[in-house]
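Let me begin by presenting the structure, written as structure tokens, before commenting on it.
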Amino acid sequence: MTGNITFTMIKPSTVKAGYTGNIIAKIEEGGYIIKALRKVYISKEQAGRFYEMHIGKPFYEDLTTFMSSGPIIVAILEKGNAVESFRKFIGATDPAKAEEGTIRKVYGISLSENAIHGSDSDESACRESGFFFSDLERF
Ligand code: CMP
């Protein structure tokens, strides 16, 4: 599955604002196949483990508080070259620097409330998918 799979999360403020359907539609229009999808709440402790590579960074505390502030949508997506293409598709981490028409440009509010997450490597895609979905081989 490596190479064709990425993991995404629609973040709490975006779910709360009612953009879940629009964003899922856009993802499918972009040619991504939804292999798995759930709406979940994560605790601050779970958010801390998910983002453990950012421990010690100045934004870690706010990021984990934010990600546990309401329900999120988590999903595994399939497409050729999924990780790289999806990161381009959603736009730069900072919505202010994202290309016109990308999900982060359209729905992002700030660097922390940037609408959506996309895995940064095949290894991350595998780890992050496994964080929310078991029996990965079935996807
Ligand atoms: P995401 O793709 O979910 O991965 C880590 C998140 O940390 C990132 O999106 C941003 O929402 C958030 N973040 C907040 N501040 C920063 C920063 N200065 N640099 C990178 N990421 C940041």
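Quantities reported herein were computed from a predicted structural model and do not represent experimental measurements. Counting starts at 1 for both ligands and their atoms, in listed order.
- Remark: ligand 1 and Thr93 share no N or O pair separated by less than 3.5 Å (distance only, no angle test).
- The closest approach between Met9 and ligand 1 stays at or above 4.0 Å for every heavy atom of the residue.
- Checked for salt-bridge contact, Glu45 and Arg49 meet the test: a charged N lies under 4.0 Å from a carboxylate O.
- Arg104 forms no cation-pi arrangement with Phe89, by the criterion of a distance under 6.0 Å to the ring centre and an angle within 45° of the ring axis.
- For Phe86 and His117, the distance between ring centers is not under 6.0 angstrom.
- Those atoms of ligand 1 that come under 4.0 Å of a heavy atom in Arg104, given as number and element, are 2 (O).
- With ligand atoms numbered from 1 in the order given, ligand 1 contributes 5 (C) to contacts under 4.0 Å with heavy atoms of His54.
- Within the structure, ligand 1 lacks Glu113 among the residues with a heavy atom less than 4.0 angstrom away.
- A salt bridge does not link Lys16 with Glu113: every distance from a Lys NZ or Arg NE/NH1/NH2 to an Asp or Glu carboxylate oxygen is 4.0 Å or more.
- Using bins of under 30°, 30° to 60° and over 60° for the plane-to-plane angle, the ring pair Phe7/Phe133 lands in the perpendicular bin.
- Atom CD1 of residue Ile72 and atom NZ of residue Lys11 lie 9.5 Å apart, to the nearest 0.5 angstrom.
- Set against the non-hydrogen atoms of Leu63, the atoms of ligand 1 under 4.0 Å away are 6 (C), 7 (O), 12 (C).
- Ring orientation note: the planes of Tyr107 and Tyr19 are tilted relative to one another, at an angle of 30° to 60°.
- By the criterion of a heavy-atom distance under 4.0 Å, the side chain of Asn114, and not its backbone, is placed next to ligand 1.
- Nearest protein neighbour of atom 13 (N) of ligand 1, counting heavy atoms only, is Phe59 CD1, 3.5 Å.
- The contact set between ligand 1 and Ser112, taken as ligand atoms under 4.0 Å from a residue heavy atom, comprises 11 (O).
- Counting only heavy atoms of the protein, atom 18 (N) of ligand 1 lies nearest to Leu111 CD2, 3.4 Å.
- At a 4.0 Å cut-off, not a single heavy atom of Phe66 sits close enough to ligand 1 to count as contact.
- For Tyr60 and Tyr51, the ring centers sit 6.0 Å or farther from each other.
- Ranking protein heavy atoms by distance to atom 4 (O) of ligand 1, first place goes to Tyr51 CE2, 3.6 Å.
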